[in-house]
Amino acid sequence: MKVLLVQPSRLEPDGSVYRNKTRWLLGMTLPYLAALTPPGIDVAIKDDLYEDIDFGEPCDLVGLTCMSHQASRAYQIADEFRKRGVPVVIGGFHATLAPEEALQHADGVVIGEAEGVWPKVLEDAASGQLNGRYLSSQLSDLQGLPTPRYDLLDLSRYRIPNLPAQTTRGCPYACSYCEVTQVYGARFRYRPPEEVVEEVRVLMSLGKRKFVYFVDDIFNAHRKHAFAVMEGLRPLNVAWTCLCTANVGDDAEMLDLMRASGCRHINIGMESVSPESLKSVNKKQNHADKYAEQFAAIRKRGIEFSLNVMFGLDGDTKDSFDATVTKLIEYRAPLSFMFILSPRVGLKIRDELMAQGRIDHSDWDRYHSYECVFEPKNMTRQELEDGFWRAQRQFYSYGSIAKRILFPPNRHTLQSLIPNLFFRWGVNRKIHPLTYY
């Protein structure tokens, strides 16, 4: 039996497939799914972004994963294989939250986590009896997870030399713009720290890559668990990065251990500098009045950080763009990834906006981070898009770069300067930084 796993690209406004020679960031989903596949089954992975898909390639099952902005392309790929009699199964956030839609283009849909159902999917595919929805009866306990099969990918095609790993899943916070709670559950689950450390040890043997990216939505979710993982990482001499909540800046002991164990960068979902906007999306764990102190504590440890910012929240006004950039410069944020709110399928905020008559289409190709697909509360759609791009240009202007990372210089100045200049080039041409990832 041969299984082909495909990471879809996305469609351009003219309907063409977006292509690039490389992808910046390596994803974990398909290599992990390949690792879940029993021995004796031939598995291949294709990345639609940088390589052509051969729809005539002999295979017994095609597996796809996608988010909303990739859904149309995923359906195209699925339809082409099914025309040739090849069964298709689709998973990922979008299929999990829109299974009936996905089933119009697939023989099976994996809803939620794959651990409990993937063997059954393979068994049914082998017997020619794929059976619609596959939903595990319980969430994984995260013990004994296999190491992702990154050996199946051409790692030279991914620019950032990282290898993804995971220590936790789930989230008790109910931010209305996020799918994590619906897909992974409303409580944290934890991998045994010793298994995480052993996996990192294995990953370090893969070529020249010595940089690990922990994909947990909140690495610092459980202090005791995070400390156990970091203590295990200390002797490995590995550099790593992760996602944390802003309150990691309140924990000096954790920041010190992060630095000592090899943490080089933290990505933080700041979302907004406005308390009203944070409240509008139920982001209770963030406190805008503490940001300056929290980010200063991170910077003091010599750890680089990036801040995610979202525009279009109900507390935002036409003044929010300039006010946000002013604060980001004040925080001396090395990098910021800015987004326009995207009310994707299955989200609480989508339900709220639909009930208010503020969403008028479900063209998933347009549900990305730089187009407004709903009616903002305090401005027009055009004003939101214009303000969004203006904020990007201001943040990546030469003056802003100088204030944030050049004066005074620090150990990360060169490391931060290169992406800042690259993103400056892009945003001045309305190319979103995440396009490259």
Side-chain angles (χ1 to χ4, degrees), residues 1-10 17 19 23 26-67 70-96 99 102-136 140 144-158 163-164 202-203 206-207:
M1 185 176 182
K2 180 175 181 180
V3 176
L4 177 63
L5 303 176
V6 180
Q7 177 64 61
S9 181
R10 59 176 173 80
V17 180
R19 301 285 191 184
R23 188 189 291 272
L26 175 64
M28 180 179 177
T29 301
L30 295 185
Y32 179 65
L33 198 60
L36 287 175
T37 304
I41 296 179
D42 184 16
V43 185
I45 300 176
K46 293 287 186 180
D47 192 326
D48 184 43
L49 179 73
Y50 64 75
E51 56 188 332
D52 292 331
I53 306 301
D54 180 3
F55 295 106
E57 181 175 349
C59 57
D60 302 293
L61 176 68
V62 170
L64 292 146
T65 183
C66 68
M67 298 184 71
Q70 303 165 316
S72 296
R73 176 55 180 165
Y75 295 157
Q76 281 187 353
I77 294 171
D79 292 346
E80 287 297 324
F81 276 109
R82 295 179 82 204
K83 285 179 185 177
R84 293 161 174 79
V86 180
V88 173
V89 62
I90 300 178
F93 276 22
H94 187 84
T96 291
L103 276 173
Q104 297 176 33
H105 304 272
D107 303 279
V109 171
V110 173
I111 300 173
E113 297 178 329
E115 286 93 352
V117 298
W118 187 238
K120 177 62 174 173
V121 170
L122 295 172
E123 179 184 329
D124 288 355
S127 63
Q129 296 179 344
L130 276 173
N131 190 25
R133 294 170 174 241
Y134 291 86
L135 172 64
S136 180
S140 170
L145 303 185
T147 301
R149 293 285 310 276
Y150 298 123
D151 59 296
L152 296 177
L153 295 170
D154 180 0
L155 296 181
S156 68
R157 304 298 289 268
Y158 300 88
L163 291 169
V202 172
L203 294 181
L206 295 179

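What's counted below: heavy atoms across the whole structure, side chains too, no hydrogens, waters or symmetry copies. This chain uses plain numbering: 1 for the first residue, then up along the sequence.
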| said: Taking Ala71's backbone N and O only, do any of them form a donor-acceptor pair with Arg10's side chain (distance below 3.5 Å, no angle check)? | reply: no

| said: Let me confirm one number: the CG-CD distance from Leu153 to Glu51, rounded to the nearest 0.5 Å. | reply: 8.5 Å

| query | Got Met28 and Pro148 here, is their nearest side-chain heavy-atom distance under 4.5 Å? | reply | yes

| Polar side-chain atom of Glu80 near backbone of Ile77 as donor-acceptor pair, under 3.5 Å | no

| task | Output the distance between atom CE (Met67) and atom OG1 (Thr29), rounded to the nearest 0.5 Å. | result | 9.5 Å

| message | Angle between ring planes, Tyr50 versus Tyr158, binned at 30° and 60°: parallel, tilted or perpendicular? | response | perpendicular

| request: Calculate, to the nearest 0.5 Å, the distance between atoms CG and CZ belonging to Leu36 and Arg149 respectively. | output: 11.5 Å

| Which pair of non-hydrogen atoms, one from Thr147 and one from Val202, has the smallest distance, and what is that distance? | CG2-CG1, 4.2 Å

| With a 4.5 Å heavy-atom cut-off, do Leu33 and Thr65 have their side chains touching? | no

| query | Which atom names give the shortest non-hydrogen contact between Leu5 and Ala34, and what distance separates them? | reply | CD1-N, 3.9 Å

| Heavy-atom pair of closest approach, residues Ala102 and Val109 | CB-CG2, 3.7 Å

| message | Looking at Gln7 and Leu30, would you say the former's side chain and the latter's main chain have a donor-acceptor pair under 3.5 Å? | response | no

| Minimum heavy-atom distance Leu64-Val88, with the two atoms named | CD1-CG1, 3.8 Å

| query | Quick one: do Asp48 and Arg73 make a salt bridge, cutoff under 4.0 Å? | reply | yes

| request: Take Arg157 and Asp47 through the test side-chain contact (heavy atoms from CB on, under 4.5 Å) and record every step on the way to the result. | output: CA-CA 10 Å; Arg157 304 298 289 268; Asp47 192 326; over 6 Å; no

| task | Compare every heavy atom of Val62 with every heavy atom of Cys59, then report the nearest pair and how far apart it is. | result | SG-CG2, 3.8 Å

| Side-chain heavy atoms of His105 within contact of Phe81, under 4.5 Å | no

| field | Value rounded to 0.5 Å, distance of CG in Asp107 from CD1 in Ile90 | value | 9.0 Å

| task | For the pair Glu113 and Ser136, evaluate side-chain contact (heavy atoms from CB on, under 4.5 Å) and give the outcome as yes or no after the intermediate values. | result | CA-CA 7 Å; Glu113 297 178 329; Ser136 180; 5.9 Å; no

| query | Considering all heavy atoms of both residues, which atom of Asp60 and which atom of Val86 are nearest to each other, and what is their separation? | reply | C-CG1, 4.5 Å

Please table the atom pairs, donor to acceptor, closer than 3.5 Å between any side-chain atom in residues 117-127 and protein atoms at least two apart or in another chain.
residue: Trp118; atom: NE1; partner: Thr37; partner atom: OG1; Å: 3.0
residue: Lys120; atom: NZ; partner: Asp124; partner atom: OD1; Å: 3.1
residue: Asp124; atom: OD2; partner: Tyr134; partner atom: OH; Å: 2.7
residue: Ser127; atom: OG; partner: Glu123; partner atom: O; Å: 3.3
residue: Ser127; atom: OG; partner: Asp124; partner atom: O; Å: 3.1

| task | Calculate, to the nearest 0.5 Å, the distance between atoms OG and CD belonging to Ser9 and Gln76 respectively. | result | 10.5 Å

| task | Any chance you could measure Asp151, atom CG, to Ile45, atom CD1, to the nearest 0.5 Å? | result | 8.0 Å

| task | Compare all side-chain heavy atoms of Ser140 with those of Leu145 and state whether any distance is below 4.5 angstrom. | result | yes

| request: Please test Tyr32 against Glu115 for side-chain contact (heavy atoms from CB on, under 4.5 Å), starting from the C-alpha separation and ending with a verdict. | output: CA-CA 10 Å; Tyr32 179 65; Glu115 286 93 352; 2.7 Å; yes

| message | Counting C-beta onward and ignoring hydrogens, is there a side-chain heavy-atom pair between Pro164 and Tyr150 closer than 4.5 Å? | response | yes

